[in-house]
2 protein chains.
Amino acid sequence: MEIVNPGGYDRPVETQRIDPVNCSVARALAVVGERWSLLIVREALDGARRFGEFRARLGMASNLLATRLDTLVAAGVMRRVPYQEPGDRQRFEYHLTEQGQDLRPTLVALLEWGDKYLADPQGPSVIVRHRPADDDTTCEEPVKVVLECAAGHTHLPPEAVYRAPGPGARFLDTARGPVRS
Amino acid sequence: MEIVNPGGYDRPVETQRIDPVNCSVARALAVVGERWSLLIVREALDGARRFGEFRARLGMASNLLATRLDTLVAAGVMRRVPYQEPGDRQRFEYHLTEQGQDLRPTLVALLEWGDKYLADPQGPSVIVRHRPADDDTTCEEPVKVVLECAAGHTHLPPEAVYRAPGPGARFLDTARGPVRS
DNA sequence: ATACTGAGTTGAGAAAATAAACCCAGGAGG
DNA sequence: CCTCCTGGGTTTATTTTCTCAACTCAGTAT
């Protein structure tokens with residue numbers, strides 16, 4: 001007897017082992033999608049560098065902070081930089097790499113979305129402002145993310161864009177060995 | 001005896017119960033920062049609506065998908081829409097709300113970052129393109145996110161922006177009752 | 001009657017997050 | 001010299017989440 005899998009239960013693997021993540025969004029999330037990672041990057045963008053600073057600002061468990069920093073360093077988002085306070089042993093700071101700084105637009109987008117839909121009743125707690133290079137005038141105006149296409153159409157609304165397959169596209173039944181975290 | 005907390009161990013709570021998250025980034029991540037949430041939104045932006053579609057595209061466990069969809073609905077990112085195939089019982093689809101569609105820039109930013117640093121050797125698997133409203137010419141050019149300030153300075157590099165306190169800002173030692181997940 | 005589908009639910013085991021104690025090197029104070 | 005204090009972690013135990021895989025249920029299709 002033992003009718004195994006009689007109905008349309010979850011397929012017995014293999015058939016639907018689709019590559020859910022042959023997409024840079026998924027790859028990106030594998031690196032910075034763990035709990036706390038983006039918040040660590042956010043604090044780093046705001047100037048935090050030392051273990052204790054991150055811990056104090058985020059209030060997270062120290063062991064988890066340690067492993068997250070290691071992960072971010074391994075992924076190339078941060079870099080361990082030795083320092084030594086006068087008359088103290090050598091310690092390390094964690095600095096963003098250029099790759100880490102390039103997460104800024106992502107964080108601004110997330111901030112904007114949060115401000116729009118989940119803001120504190122008193123208004124946003126953080127405003128992102130423009131600090132121009134010092135030869136320029138002081139601007140200080142608030143910054144937003146906008147979608148812009150290569151033909152110069154700018155301020156595209158979300159529904160004016162769509163996902164098209166690119167050169168590295170793989171399709172559903174042919175995928176093998178996905179990136180999976 | 002019982003010297004509790006003799007060294008600089010983790011502080012016994014209370015003192016450093018800083019609000020780590022009085023910031024819309026943290027609030028946003030509380031909603032869409034769980035594993036799979038942003039991938040579900042991405043698939044929805046790409047046209048997925050039914051349980052099975054999400055499951056087939058993402059390959060995730062069905063129970064987790066069910067709870068994620070519930071969470072996203074509760075958060076206002078998606079909406080349950082009843083439908084009925086001819087001669088079948090009523091079922092539900094999951095559609096993005098406007099709030100959900102507004103996550104597009106976040107996903108484009110993440111995609112761009114992933115493409116820049118973690119791309120497939122064959123190149124990106126997905127390209128975001130411009131689909132103008134039908135009265136316009138067909139554009140189809142690739143889309144990018146750019147940072148732009150209210151004074152009209154555009155294409156700001158990540159280091160040209162900084163975080164300034166906004167009206168809802170709270171500072172470290174006065175915070176109580178944080179949002180925390 | 002038996003099988004098949006889409007859309008879930010249930011339950012066991014593995015992995016990750018949290019909380020809180022502990023460790024270690026180098027000063028400072030007695 | 002001995003003890004305390006600090007910054008930067010590690011260890012251990014508990015709780016929460018995820019994953020895997022089996023099961024359910026309503027309604028056609030065979």
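We name chains A, B, ... by the order of the sequence lines, and we start the count at 1 in each one.
For the helix from C/dA1-D/dT30 to C/dG30-D/dC1, the rotation axes defined at the first and last 5 base pairs enclose an angle of 20°, given to the nearest 10°.
For B/Glu53 and C/dG8, the CD to P distance is 13 Å, given to the nearest whole Å. Between the C1' atom of C/dG27 and the CD atom of A/Glu85 lies a distance of 13 Å, rounded to the nearest Å. B/Gln90 places its CD atom 16 Å from the C1' atom of D/dC25, with the value rounded to the nearest Å. In this entry the distance linking CD of A/Gln84 with P of C/dG26 reads 9 Å, nearest Å. For the pair A/Arg55 CZ and C/dA17 P, the computed distance is 16 Å after rounding to whole Å. Computed from coordinates, the B/Ile40 CD1 to C/dG8 C1' distance equals 14 Å when rounded to whole Å.
Between D/dT12, D/dG9, C/dA7, one nucleotide has an atom nearer to the side chain of B/Arg50 than all others, and that is C/dA7. Out of D/dT10, D/dT17, C/dG8, the shortest distance to the side chain of A/Arg35 is found at D/dT17. Side chain of A/Phe51, nearest nucleotide from D/dG8, D/dT19, D/dC18: D/dG8. Distances from the side chain of A/Arg89 to the nucleotides C/dA7, C/dT18, C/dA25 place C/dA25 closest.
Here the side chains of B/Val146 and A/Val145 are not in contact, with every heavy-atom distance at 4.5 Å or above.
Side-chain contact, B/Tyr162 with A/Arg129: no donor N or O sits under 3.5 Å from an acceptor N or O. Side-chain contact check for B/Ser125 and B/Asp120: no donor-acceptor pair (N or O, by modelled atom type) lies under 3.5 Å.
Contact annotation: A/Arg68 reaches the phosphate of C/dA17 (side-chain N/O to OP1 or OP2, under 4.0 Å). Proximity of A/Trp36 to the phosphate of C/dT18: a side-chain N or O atom is located under 4.0 Å from OP1 or OP2.
When the side chain to side chain donor-acceptor pair (under 3.5 Å) test is applied to A/Glu141, no partner is found at least two apart in sequence or on another chain.
Across all strands shown, B/Tyr83 has heavy atoms under 4.0 Å from sugar-phosphate atoms exclusively, and none from any base. No contact: A/Phe54 has no heavy atom under 4.0 Å from any strand.
Salt bridge annotation for B/Arg27-A/Asp115: absent, with no cationic side-chain nitrogen under 4.0 angstrom from a carboxylate oxygen. A salt bridge between A/Glu43 and A/Arg57 is present, with a side-chain N of the basic residue lying under 4.0 Å from a carboxylate O of the acidic one.
If you check distances only, the side chain of B/Asp70 never reaches the base of C/dG8 with a donor-acceptor pair under 3.5 Å. Below the 3.5 angstrom threshold, one finds a donor paired with an acceptor across the side chain of A/Asn63 and the base of D/dT12.
Among all heavy-atom pairs drawn from B/Gln99 and B/Ala75, the shortest one is NE2-O, 3.3 Å.
Mapping A/Leu64 and A/Arg91 onto DNA chain C by nearest heavy atom places A/Leu64 at the nucleotide closer to the 5' end.
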